[in-house]
Number of protein chains: 2
Amino acid sequence: MRGWRLTAQRRVVAEVLDGDHVHLTADEVHARAVSRLPEISRATVYNTLGELVTLGEVLEVATDGRAKRYDPNAHQAHQHLICSGCGAIRDVHPLGDPVAALPADQRFGFTLSGAEVTYRGLCPDCR
Amino acid sequence: MRGWRLTAQRRVVAEVLDGDHVHLTADEVHARAVSRLPEISRATVYNTLGELVTLGEVLEVATDGRAKRYDPNAHQAHQHLICSGCGAIRDVHPLGDPVAALPADQRFGFTLSGAEVTYRGLCPDCR
DNA sequence: GCCTAGCTTGGACTTTGTCTAAGTCAATAC
DNA sequence: GTATTGACTTAGACAAAGTCCAAGCTAGGC
Ligand SMILES: [Mn+2]
Ligand SMILES: [Mn+2]
Ligand SMILES: [Zn+2]
Ligand SMILES: [Zn+2]
């Protein structure tokens with residue numbers, strides 16, 4: 001390998017995925033990327049998102065059976081609170097380690113690596 | 001409405017979704033249903049699964065970005081432990097109510113209705 | 001034995017994501 | 001400076017999962 005290139009396309013995807021409480025689908029990332037770089041392709045957005053996930057810079061979040069969401073807040077462990085009405089997503093920080101709530105006799109010999117918690121409810125606007 | 005009919009198709013779908021630790025995809029339900037009732041259609045399987053979910057008899061579980069899984073163990077609150085190697089799914093019962101771990105200042109005015117926890121790890125066979 | 005609401009079916013269609021062949025770009029060698 | 005060449009991008013084909021619809025079938029009520 002002669003090296004990794006920071007291309008205009010990769011820069012634009014990284015710029016779109018900047019900020020807090022950002023949980024965009026690949027298509028949303030593509031739409032925003034297109035507005036900055038009109039000819040960027042879907043394939044490149046998917047490729048770049050995959051690279052960012054592999055690098056640990058972005059998390060893939062599968063909260064419903066629909067499109068995955070891409071979360072740049074990868075360096076701080078957190079969980080998600082989702083409005084059942086409008087789909088709004090918030091990052092939340094529960095007390096303690098969720099893995100600790102699973103007793104040994106409920107681990108069935110598994111080596112646990114983590115746990116994802118999705119809290120569901122109605123946001124103030126939807127209530 | 002003149003009534004709801006217990007058709008052969010609905011009975012077969014219900015029979016396929018029987019037992020513990022059952023977490024089949026719609027296509028898997030269809031495949032097993034076809035072996036009992038060869039001409040049952042995909043559309044009817046999807047329709048019936050949707051009805052069972054609406055009735056609260058079956059849970060929809062979205063654990064990865066792929067196909068949803070249908071879980072007949074709807075009457076006992078539980079969470080899921082998934083092997084990152086082979087995808088095996090176990091029902092598990094953590095201590096306490098997961099919702100209780102989210103402090104008031106992390107609820108952002110939401111009215112919480114529940115929480116889903118996905119524990120990840122490697123099963124004994126995959127380790 | 002009809003009528004008709006309820007049900008099922010096959011296939012078209014949509015959404016989300018992957019893959020590939022062809023072409024473009026840019027770092028290095030010369 | 002130019003050629004080389006591996007890295008990258010693109011459009012579009014393809015695939016998986018799910019939804020929708022028009023047409024036809026079925027069974028319960030009369
Ligand atoms: Mn997040
Ligand atoms: Mn289950
Ligand atoms: Zn809302
Ligand atoms: Zn395993």
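Residue numbers begin at 1 in each chain, while the letters A, B, ... track the order of the sequences. Because only heavy atoms are used, hydrogens play no part in the values below, and waters and symmetry mates are left out as well, while side chains stay in.
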Please tell me if Gln9(A) has a side-chain N or O lying less than 4.0 Å from either OP1 or OP2 of dC25(C). no

Does this structure show an ion pair linking Arg69(B) with Glu28(B), if we count only N-O contacts that are shorter than 4.0 Å? yes

Does dT10(D) have OP1 or OP2 under 4.0 Å away from a side-chain N or O of Thr44(A)? yes

Please state how far atom CG in Leu6(A) lies from atom P in dT9(D), giving the value in whole angstrom units. 10 Å

Send over the distance from Leu37(B) CG to dC25(D) C1', rounded to a whole Å. 14 Å

Distance, rounded to the nearest Å, where Asp27(B) contributes CG and dG18(D) contributes P: 8 Å

With sequence neighbours excluded, what pairs up with His21(A) under the ring pair (Phe, Tyr, Trp, His ring centres under 6.0 Å) test? none

Nearest whole angstrom, please: distance from the P of dG17(C) to the CD of Glu51(A). 17 Å

Take atom CZ of Arg32(B) as the centre, draw a 6.0 Å sphere, and report whether it contains more than 12 heavy atoms from other residues, nucleotides or ligands. no

Distance, rounded to the nearest Å, where Arg11(B) contributes CZ and dT8(C) contributes P: 11 Å

Walking DNA chain C from its 5' end, the first of Ala26(A) and Ser41(B) to be reached, judged by nearest nucleotide, is Ser41(B)

Could you check Tyr70(B) against Val22(B) for side-chain contact (heavy atoms from CB on, under 4.5 Å), going step by step and ending with a plain yes or no? CA-CA 8 Å; Tyr70(B) 293 88; Val22(B) 172; over 6 Å; no

Whole-Å distance, Arg5(B) CZ to dT26(D) P, equals 11 Å

Indicate, with a heavy-atom threshold strictly under 4.0 Å, whether Thr7(B) touches base, sugar-phosphate, or nothing. sugar-phosphate

Atom pair distance, as rounded to whole Å: CG in Leu49(A) and P in dT16(C): 14 Å

Could Arg10(B) and Glu51(B) be called an ion pair, given the rule that one side-chain N must be under 4.0 Å from one carboxylate O? yes

Interface polar pairs with nucleotides 19-23 of chain D, N/O, under 3.5 angstrom:
{"unit_1": "dT19(D)", "atom_1": "O4", "unit_2": "Arg42(B)", "atom_2": "NH2", "d": "3.3"}

His93(A) and His78(A) aromatic ring geometry - parallel, tilted or perpendicular at 30°/60° bounds: tilted

For the side chain of Arg90(A) and the backbone of Gln106(B), is there at least one donor-acceptor N/O pair under 3.5 Å apart? no

Please state whether the phosphate of dC7(C), meaning OP1 or OP2, lies under 4.0 angstrom from any side-chain nitrogen or oxygen of Arg10(B). yes

Figure out the NE2/C1' separation between His30(A) and dT10(D), and round it to whole Å. 10 Å

